[in-house]
Peer 1: 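I'd like to ask some things about the structure below.
Below, read A as the first sequence line, B as the second, and so on, with proteins coming before strands; counting in each chain starts at 1. For clarity, every value in this text was computed on a predicted model and none was experimentally measured. All values below come from the heavy atoms of this structure, side chains included, with hydrogens, waters and symmetry mates left out.
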Amino acid sequence: MTSNWDQRLWDTIAAVPPGRVASYGQIAAMAGLARGARRTAAALRNAPDELALPWYRILRADGRIAFEPGSAAFERQCALLMAEGVELRAGRVDLGRYRWRGNDSPLLD
DNA sequence: GTCTTGACTAAGC
DNA sequence: GGCTTAGCCAAGA
């Protein structure tokens, strides 16, 4: 068994509640990896569809989508986020409002 | 064993 | 706001 990180990261990602987002580094830190942002990305690549992970709730540290604007994945992620009530401005999310803090506190508006 | 790679991040210009 | 550079660290080749 080389990497149980994938499973751990998947678990952490699955814990992100709807309408909330998290950064790669944040997910990694919660899973126990201090600088595992890239490992989080790898875990998402490795993640089978059967898990139905909320991969679209994972953003870059800036709150921007990791994909290139215009790409299929980008648009898919945009749509999924908006469907959950996340406000997107030019492919960017306001982390100050939507970042998941590990608890399920409601958004203040 | 080394070298490259990456759905990243922070700092600097 | 943008682009560049360096740092990071685990996985694969």
Peer 1: How close or far is atom P of C/dA10 from atom CD of A/Gln7, stated in whole angstroms?
Peer 2: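 That distance rounds to 19 Å.
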
Peer 1: Hunt down the Watson-Crick or G-U wobble partner of C/dC8, both distances under 3.5 Å, from any strand shown, or write none.
Peer 2: none

Peer 1: What string of B, S and - do you get for nucleotides 6-13 of chain B, 5' to 3', when a contact is any protein heavy atom under 4.0 Å?
Peer 2: BBBSS---

Peer 1: Find which nucleotide of DNA chain C each of A/Gly36 and A/Arg64 is nearest to by heavy atoms, and output the residue with the more 5' nucleotide.
Peer 2: A/Arg64

Peer 1: Does C/dC3 pair with anything, Watson-Crick or G-U wobble, both distances under 3.5 Å, and if so, with which nucleotide?
Peer 2: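 Pairing partner, where one exists within any strand: B/dG12.
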
Peer 1: In whole angstroms, how far is the C1' atom of C/dA11 from the CG atom of A/Asp6?
Peer 2: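 Between C1' of C/dA11 and CG of A/Asp6: 9 Å.
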
Peer 1: Does a side-chain heavy-atom distance below 4.5 Å link A/Trp10 with A/Pro48?
Peer 2: yes

Peer 1: Would you call A/Tyr98 and A/Arg57 a side-chain contact if the rule is heavy atoms closer than 4.5 Å?
Peer 2: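 Answer no - side chains too far apart.
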
Peer 1: How about A/Leu53 and A/Ile58: do any of their side-chain heavy atoms sit closer than 4.5 Å?
Peer 2: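 A side-chain contact under 4.5 Å is absent here.
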
Peer 1: For residues A/Thr40 and A/Thr12, determine if any side-chain heavy atom of one lies less than 4.5 Å from a side-chain heavy atom of the other.
Peer 2: no

Peer 1: Take atom CH2 of A/Trp5 and atom P of C/dC8, then tell me their distance rounded to the nearest Å.
Peer 2: 18 Å

Peer 1: Do the side chains of A/Met30 and A/Leu9 get nearer than 4.5 Å, heavy atoms only?
Peer 2: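 With C-beta onward as the side chain, the pair stays apart.
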
Peer 1: Below 4.5 Å, heavy atoms only, C-beta onward: do A/Arg76 and A/Tyr56 meet side chain to side chain?
Peer 2: no

